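Data block below; observations after.
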Amino acid sequence: MSVIDETSKGLAAFLSQQWGKQVAIENMTQASAGARRRNMLFDAVAGGERTKLVATIVPFAAMQLNPIEVEASNLQLAEAAGMPVPHVHFATSDTSCVGGPFFITTQIAGETIPRQVLRLVEKTPGLGAKMARQCGAALARLHSADAARAHPLVPRPAGHPLETALAVSRRSIDELLQPSPAFTLCLNWLKRNIPPAPKRITVVHGDFRNGNLIVGADGLRASLDWEGCHLGDPMEDCGWVVQRMWRFRNDALEVGGFGSVADMRAGYQEAGGEWDEARFQWWKAQGTLRWGLGLAGQAKQHLDGSVPSIVLAASGRRVAELEYDTLMLLRRGFGA
Amino acid sequence: MQDRPTASELLATIADLLEGDVLAATKGGLQHNVRVAGNLCRILEREAQLGPAHEAREIALLTEVLGEPAGGRGARELSAALCARLDAGHDAALERRAFPALLEIVRGKLAIAKPGHDDYDFAGEQLR
């Protein structure tokens, strides 16, 4: 039986039990096949009523970064705070239905592939600036949520969140297969210029960016991929969405290749968010450094045989891009 | 000396094959991997041409920043020595010397790995 047939059968049984009536699954397609997540789009048909849903499945229970119920609770917390996210209907760690823990959310129509998002922005006047504001507002709402209400298993920094992030980067630099003076120089600058800790620790999405957004002609409809959600500095999210790799060659438009920081900041502040420029800039540089170290780590996984993959091998030759970006972001700090 | 085609010419030929006939004959996830393989051949094609000069320049720049002769050390050893010096304590003069040298080295790597990546200069988005 194919993955689609098996998943349809499992979900039909699950939903029939939950809803207390016979449910048929139709039009199932696989939206994405990440290493840790499988997103299946489908229609649930019961008594002539059709509901468009998505099942997010962790293929192997052992591979979970965060248990599935933690990810579902993050989505619910964000929704309660007024951030646009898909509504969670069910979450279960039962692996007998579809071969792994999963949750079911409402299906939201729109573009998710970055190039398609940018194409839509290109042909819709004013959409890019609007979306940048909406991204700012969405983040401000998430950051307004009471962090104390987050699931107890949501990761949180032991102390100063910026120092915690820096310690991770330091460790990654020490583990590089090849020394990088460029990253070392940048890390030391970040260490010397670390801003004071934020007054509030908030819920942080962790991967809010073009590629994890659902977008329509009316703007931002939802943000996806809550796997990396954690508690920390809200400016971490603001510094991540502006990374150059999420601009998909539209380099001058810092927010996802479609909008400006000024627009995002205005949206953030209008929705009650407290913007801190020093921490925003710091996270932006730290995020670039972190991604560069992540690419080096991917190449290492290929080379040590833990995950043999030509894509991971190629990541090693992308490290120079991030060395360049980090150096350029910090160049004034070195009088250049 | 090896006979023609050179390494660079052969890698270009392999890239043409991957990006042409092989790509057309594959589908799904494999297609992405074939594209990546084609791009890696292009990188190696440029490395075969530019690599030796880049590495010589890298060694020259690193010895200049360190202020000591290479003494038979390659780019890797010199990079490790510079990292150790950078980590030994804040030395503003060393950092100011290192910055333009490291930027030039990175630009040299990009000329092989991703030409054009350094066209963008981050004007207007540097630290205030």
Side-chain angles (χ1 to χ4, degrees), chain A residues 33 170 173-174 176-193 242 244-245 247 249-252 254 260-261 277-278 280-282 284-285 288 292 309-336, chain B residues 28-30 32-37 39-40 43-44 47 61-62 65-66 75-92 94-114 116-128:
Chain A
R170 174 77 252 179
I173 285 185
D174 292 339
L176 286 172
L177 290 178
Q178 198 162 290
S180 168
F183 284 152
T184 304
L185 183 73
C186 292
L187 179 98
N188 287 342
W189 189 93
L190 287 169
K191 194 172 160 189
R192 279 201 308 278
N193 293 279
V242 298
R244 187 184 177 192
M245 62 264 183
R247 300 180 201 169
R249 292 193 198 146
N250 275 3
D251 289 323
E254 290 181 54
S260 69
V261 171
E277 187 65 22
F280 165 71
Q281 297 282 354
W282 190 91
K284 187 176 169 187
T288 311
S309 152
I310 193 163
V311 177
L312 296 190
S315 293
R317 294 301 187 101
R318 294 196 52 211
V319 171
E321 296 171 34
L322 282 300
E323 286 182 329
Y324 173 81
D325 292 354
T326 318
L327 285 171
M328 291 302 279
L329 281 172
L330 297 181
R331 75 200 231 197
R332 276 199 198 153
F334 302 105
Chain B
L30 184 58
H32 179 61
N33 287 0
V34 169
R35 268 197 204 99
V36 170
N39 186 48
L40 288 175
I43 291 173
L44 294 177
E47 185 171 328
L61 284 164
L62 289 170
V65 171
L66 287 164
R76 188 195 160 85
E77 290 78 14
L78 292 166
S79 292
L82 179 53
C83 288
R85 285 270 291 277
L86 290 169
D87 280 336
H90 184 211
D91 179 343
L94 174 70
E95 289 193 350
R96 277 175 186 256
R97 253 193 349 264
F99 183 87
L102 294 176
L103 189 59
E104 187 179 337
I105 290 168
V106 169
R107 281 187 193 274
K109 290 204 280 185
L110 288 171
I112 291 167
K114 183 97 184 275
H117 183 84
D118 53 345
D119 289 349
Y120 183 63
D121 69 355
F122 287 82
E125 57 174 307
Q126 282 146 34
L127 301 166
R128 273 176 278 279

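Everything numeric in this text was worked out from a predicted model, so none of it was measured. Labels below follow one simple rule: chain letters A, B, ... track the order of the sequence lines, proteins then strands, and each chain is numbered from 1.
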Pick from B:I112, B:L102, B:L62: which one has the most heavy-atom pairs with chain A under 4.5 Å?
B:L102
When heavy-atom pairs shorter than 4.5 Å are enumerated against chain A, which of B:N33, B:I105, B:L82 gives the highest number?
B:N33
Only one of B:K114, B:K109, B:R107 passes salt bridge (charged side-chain N to carboxylate O under 4.0 Å, His left out) with A:E323; say which it is.
B:K109
Engaged part of B:D121 at the chain A interface, taking heavy atoms whose separation is under 4.5 Å
both
Which distance, rounded to the nearest 0.5 Å, do you find between the CG of A:D251 and the NE2 of B:H117?
7.5 Å
Please determine whether a side-chain nitrogen of the Lys or Arg among A:K191 and B:D87 lies less than 4.0 Å from a carboxylate oxygen of the Asp or Glu.
no
With B:R97 via salt bridge (charged side-chain N to carboxylate O under 4.0 Å, His left out) - residues at least two apart
none
CG of A:L176 to OG of B:S79, rounded to nearest 0.5 Å, is 11.5 Å
Side chain, backbone, both or neither: which part of A:S309 has a non-hydrogen atom closer than 4.5 Å to chain B?
neither
Top of A:I173, A:L185, A:N193 for chain B proximity - count of heavy-atom pairs under 4.5 angstrom:
A:L185
Flag, side chain of A:N188 to backbone of B:L86, donor-acceptor distance under 3.5 Å:
yes
Residue set satisfying ring-ring contact (aromatic ring centres under 6.0 Å, His included) with A:F183, at least two apart, ordered chain then number -> none
Euclidean distance, A:T184 OG1 relative to B:E95 CD, rounded to 0.5 Å
10.5 Å
Please report the closest heavy-atom contact between B:R76 and A:L177, naming both atoms and the distance.
NH1-O, 2.9 Å
Between B:N39, B:L40, B:I43, B:V65, which has the largest tally of heavy atom pairs under 4.5 Å with chain A?
B:L40
Value rounded to 0.5 Å, distance of OG1 in A:T326 from CZ in B:F122
8.0 Å
More than 12 non-hydrogen atoms from neighbouring residues, nucleotides or ligands closer than 6.0 Å to NE2 on B:H90, yes or no?
yes
Would you mind checking which part of B:E47 comes under 4.5 Å of any heavy atom in chain A, side chain (CB onward), backbone (N, CA, C, O), both or neither?
side chain
Do you know which of A:C186, A:A252, A:P179 has the most heavy-atom pairs under 4.5 Å to chain B?
A:P179
Quick one: closest heavy-atom pair of A:A320 and B:V106, and the distance?
O-CG1, 3.4 Å
With a 4.5 angstrom heavy-atom cut-off, which part of A:R192 approaches chain B: side chain, backbone, both or neither?
side chain
Residue A:D325 versus chain B: region with a heavy atom under 4.5 Å:
both
How far apart are the closest heavy atoms of A:Y324 and B:L110, and which atoms are they?
CB-CD1, 3.6 Å
For a quick test of reading the model, state the closest non-hydrogen atom pair linking B:Y120 to A:R247 and the distance between them.
OH-NH1, 3.6 Å
Can you name the one residue among A:K284, A:Q281, A:R244 that meets side-chain hydrogen bond (donor to acceptor under 3.5 Å, both in side chains) with B:E125?
A:K284
How far does CG of B:L103 sit from CZ of A:R331, to the nearest 0.5 angstrom?
7.5 Å
